[in-house]
Asks: 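I have a structure I would like to understand better, so I am pasting it below and will then ask my questions one at a time.
For reference, positions follow the sequence shown, starting with 1.
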Amino acid sequence: MNDRRQHLDRLRARTDWPVVIVGAGINGIATFRDLSLQGVDCLLIDTGDFCSGASSAPSRMIHGGLKYLETGEFRLVGEATHERNRLLKNAPHLVRPLETVVPLHSRLGGLTDAVGRFFGRKGGGEDRGAWIVKLGFALYDFLGRKERTMPTHRMMDRAQALESVPGLDPSIVGAGIYYDAWITQPERLGVELVLDGEAANPASLGLNHVALDSHEADRLVLVDRIGGERFEVRPTILVNAAGAWIDGANRAAGISSRHIGGTKGSHLLLDHPGMHRALAGRMIYFGRKDGRICLAYPFLDKVLTGSTDLRTTSPDSVVCEDSEIDYMLGALREVFPKLRIERDQIVYTYCGVRPLPASDAANPGAVSRDHSMPVHEPRDGRPFPVLCLVGGKWTTFRAFGAEVADAVLARLGRPRRTGTENLPIGGGRPNGRAGDDPRLAQLHARYGSRAHDFLATLEGVNDPDRPLAYLPEFGTREIAWLCLAERAPTLADLVLRRTTIAITGRASLPAIEEMAGIAARTLGWDEARSTREIQDLLDELASRHRTEATATGQRLCP
């Protein structure tokens with residue numbers, strides 16, 4: 001019997017839940033962990049995998065939002081920079097400092113635009129000059145001073161900037177440097193938060209691939225999207241954390257709403273050793289004439305670049321369009337005019353819908369990234385309130401989760417037992433060192449202190465953890481452990497979200513088939529299920545870009 005069957009048995013055995021959370025993106029997961037720490041029994045469900053929607057598709061930065069200073073969102077920036085600093089301490093195995101370079105093409109430019117954006121007017125695309133950038137850096141450093149562990153900003157002249165970043169556009173007058181952070185695997189951090197929540201309260205339960213189907217009087221009808229079984233639950237409080245799908249989840253609960261007006265953001269991963277060397281571990285953060293901010297930084301052995309910001313009303317059908325690829329590649333060519341930057345260097349694309357509040361603003365970039373929590377009180381035979389989690393930044397998930405947890409505790413009449421500000425996350429616990437063993441160091445870099453949880457499963461086992469034939473940096477028992485201990489019941493969960501295999505362009509067909517074989521033996525799949533899992537993964541990888549003959553498709557599906 002595998003873990004998923006045991007978890008479904010628990011769902012089958014219990015109908016009444018103090019809190020049901022629909023949507024296992026980062027905000028729903030943060031709420032789940034916080035409430036579980038307070039001793040509240042919570043059921044968390046998601047129609048897909050944990051962190052498989054917008055939470056799996058950010059720029060993978062943990063940041064305060066430097067650009068939000070221009071719109072006067074000082075509270076948001078202050079909160080986000082503080083949460084960034086906390087994540088560097090609480091999840092050091094996944095969140096790491098990121099030196100960021102801002103190329104400057106003028107010294108006094110940008111003042112008119114900055115003033116206009118501050119008062120809510122769309123800027124005209126005037127370049128941000130050295131004076132306005134330095135002022136922004138100083139304010140950013142001040143707002144991020146609490147628990148800060150990184151250096152403050154500094155400025156470089158033209159010669160220093162061109163020496164520091166070879167190949168940079170020579171028309172610059174200088175560059176500024178400030179510090180934020182990046183996250184290697186946001187999806188893994190989400191899974192670790194779920195596991196932490198269940199460890200804190202064994203009565204809580206997190207389930208992926210379980211959907212909210214409908215409601216019947218005081219009950220919600222759930223369906224297991226893998227096995228097809230249906231369940232009924234009665235919540236005291238329902239938390240709708242479905243992100244871009246919030247309004248649809250409300251309809252399933254009998255509520256009409258228009259909370260979300262999402263925008264699509266796409267990103268590219270490039271196999272570009274020359275740019276990777278030039279960046280040397282730093283991010284380039286630059287503005288374009290249309291007012292958009294773009295970025296590029298080394299992501300493991302690839303280069304990540306993004307992003308776009310386009311309105312969408314169809315979160316289920318978004319893909320990275322040809323026009324978006326042209327936009328992002330064009331932006332990179334402006335910054336690195338001497339480098340060859342072409343489509344055949346793309347190894348992966350991804351796209352997500354930011355769950356922003358509904359807005360009629362002409363410029364999607366002007367819609368606030370702050371979070372809110374509209375509430376639908378009980379009515380029309382529905383006995384439970386519905387708290388909707390709208391907006392928010394990836395970086396501020398802990399603060400948003402704490403805010404929601406406090407609202408839920410107040411409604412349940414229960415006290416807060418503990419805070420989460422300084423609580424390590426998953427493998428961020430300091431309960432083991434990597435040591436000198438290369439394999440242990442590799443596992444520790446990947447899983448932090450959770451590497452020791454995996455190694456404990458090998459004690460007394462005769463069958464060794466053999467390297468995979470096509471992905472020798474992973475072991476056979478390691479993949480099996482991810483399937484069970486980290487809730488990966490599908491091949492897509494394993495390849496796309498528990499590992500970096502897909503995002504780094506290594507999901508070749510032989511590698512996929514090898515991993516499917518391990519998953520089949522571990523999870524008890526028959527041949528038909530294994531074939532279906534492989535095809536489902538290939539279909540998902542191919543669907544990430546509208547054009548069939550993409551570089552991504554050719555690289556992933558040889």
Side-chain angles (χ1 to χ4, degrees), residues 21-35 44 46 50-69 71 73-87 90-91 95 143-144 180-181 183 186-187 189-190 193-194 238-250 257-265 307 309 312 315 352-359 361 364-375 386-408 420-421 425:
I21 303 170
V22 175
I26 192 61
N27 290 331
I29 288 173
T31 303
F32 173 80
R33 181 187 72 146
D34 198 320
L35 285 170
L44 171 72
D46 196 288
F50 304 117
C51 283
S52 60
S55 294
S56 69
S59 296
R60 297 180 177 248
M61 289 178 60
I62 299 297
H63 67 116
L66 180 67
K67 66 180 181 179
Y68 305 136
L69 295 177
T71 54
E73 296 185 84
F74 301 135
R75 189 209 63 80
L76 173 61
V77 175
E79 178 182 68
T81 50
H82 195 186
E83 292 300 317
R84 174 202 64 195
N85 296 346
R86 284 170 169 160
L87 277 167
N90 294 336
V95 180
L143 292 172
D180 262 325
I183 180 168
E187 308 93 337
L189 189 142
L193 287 167
V194 173
L238 176 63
V239 176
N240 184 348
W245 295 267
I246 278 179
D247 294 319
N250 275 345
S257 66
R258 182 178 175 260
H259 293 308
I260 297 296
T263 68
K264 178 178 71 164
S307 71
D309 198 3
T312 182
V353 177
R354 305 174 182 92
L356 304 181
S359 171
V367 180
S368 176
R369 269 51 174 177
D370 209 345
H371 52 256
S372 62
M373 189 181 60
V375 177
V386 180
L387 283 58
C388 301
L389 311 193
V390 176
K393 284 168 46 59
W394 223 103
T395 306
T396 58
F397 71 82
R398 189 214 61 82
F400 194 10
E403 180 181 321
V404 178
D406 285 340
V408 170
T420 56
E421 295 87 348
I425 296 170

Asks: Relative to each other, are the rings of Phe400 and His371 parallel, tilted or perpendicular (30° and 60° limits)?
Replies: parallel
Asks: Does the side chain of Val386 reach to within under 4.5 Å of the side chain of Val375, using non-hydrogen atoms?
Replies: no
Asks: Calculate, to the nearest 0.5 Å, the distance between atoms CD1 and CG belonging to Ile21 and Leu44 respectively.
Replies: 5.5 Å
Asks: Can you see which heavy atom on Gly65 is nearest to which on Val77, and at what distance?
Replies: O-CG2, 3.4 Å
Asks: Donor-acceptor pairs under 3.5 angstrom involving side-chain atoms of residues 23-32: please list them, not counting sequence neighbours.
Replies:
residue	atom	partner	partner atom	Å
Asn27	ND2	Gly391	O	3.4
Thr31	OG1	Asn27	O	3.0

Asks: Are any side-chain N or O atoms of Trp394 and backbone N or O atoms of Ser55, one a donor and one an acceptor, separated by less than 3.5 Å?
Replies: yes
Asks: Side chain to side chain contact (heavy atoms under 4.5 Å, CB included) for Ile425 and Val95? Distances and angles first, verdict last.
Replies: CA-CA 11 Å; Ile425 296 170; Val95 180; over 6 Å; no
Asks: Quick one: pull up OH in Tyr68 and CZ in Arg75 and give me the separation to the nearest 0.5 Å.
Replies: 12.5 Å
Asks: With rounding to the nearest 0.5 angstrom, report the CG to CD distance, Leu387 to Glu403.
Replies: 10.5 Å
Asks: Side chains of Arg354 and Thr312 only: does a donor on one sit below 3.5 Å from an acceptor on the other?
Replies: no
Asks: NE2/His259 to CG/Leu356 distance, rounded to the nearest 0.5 angstrom?
Replies: 14.5 Å
Asks: Under the side chain to side chain contact (heavy atoms under 4.5 Å, CB included) rule, what do Leu189 and Ile183 come out as? Steps first, then yes or no, please.
Replies: CA-CA 9 Å; Leu189 189 142; Ile183 180 168; 3.9 Å; yes
Asks: What closest approach, in Å, do Pro355 and Ala54 show between heavy atoms, and which atom pair accounts for it?
Replies: CD-CB, 4.3 Å
Asks: Please name all residues satisfying side-chain hydrogen bond (donor to acceptor under 3.5 Å, both in side chains) with Thr420, sequence neighbours left out, ordered by chain then number.
Replies: Arg398
Asks: Would Leu389 and Asn240 count as a side chain to side chain contact (heavy atoms under 4.5 Å, CB included) if you check the C-alpha gap in whole Å, the side-chain angles of each, and the deciding distance to 0.1 Å?
Replies: CA-CA 6 Å; Leu389 311 193; Asn240 184 348; over 6 Å; no
Asks: Between the side chains of Arg84 and Asp180, is the shortest nitrogen-to-carboxylate-oxygen separation below 4.0 Å, so that they form an ion pair?
Replies: yes
Asks: Who pairs with Glu187 by side-chain hydrogen bond (donor to acceptor under 3.5 Å, both in side chains), at least two apart in sequence or on another chain?
Replies: Arg60
Asks: Might you work through the side chain to side chain contact (heavy atoms under 4.5 Å, CB included) test for Leu238 and Val22, ending with a clear yes or no?
Replies: CA-CA 8 Å; Leu238 176 63; Val22 175; 3.6 Å; yes
Asks: Are the side chains of Val390 and Pro374 in touch, meaning some heavy atoms are under 4.5 Å apart?
Replies: yes
Asks: Is there a donor-acceptor contact under 3.5 Å from the side chain of Thr395 to the main chain of His63?
Replies: yes
Asks: Closest heavy-atom contact between Lys393 and Gly64?
Replies: CE-O, 4.1 Å
Asks: Would you call Phe50 and Leu193 a side-chain contact if the rule is heavy atoms closer than 4.5 Å?
Replies: no
Asks: Calculate, to the nearest 0.5 Å, the distance between atoms SG and CG belonging to Cys388 and Asn250 respectively.
Replies: 4.0 Å
Asks: To the nearest 0.5 Å, tell me how far Thr81 OG1 sits from Leu143 CG.
Replies: 6.0 Å
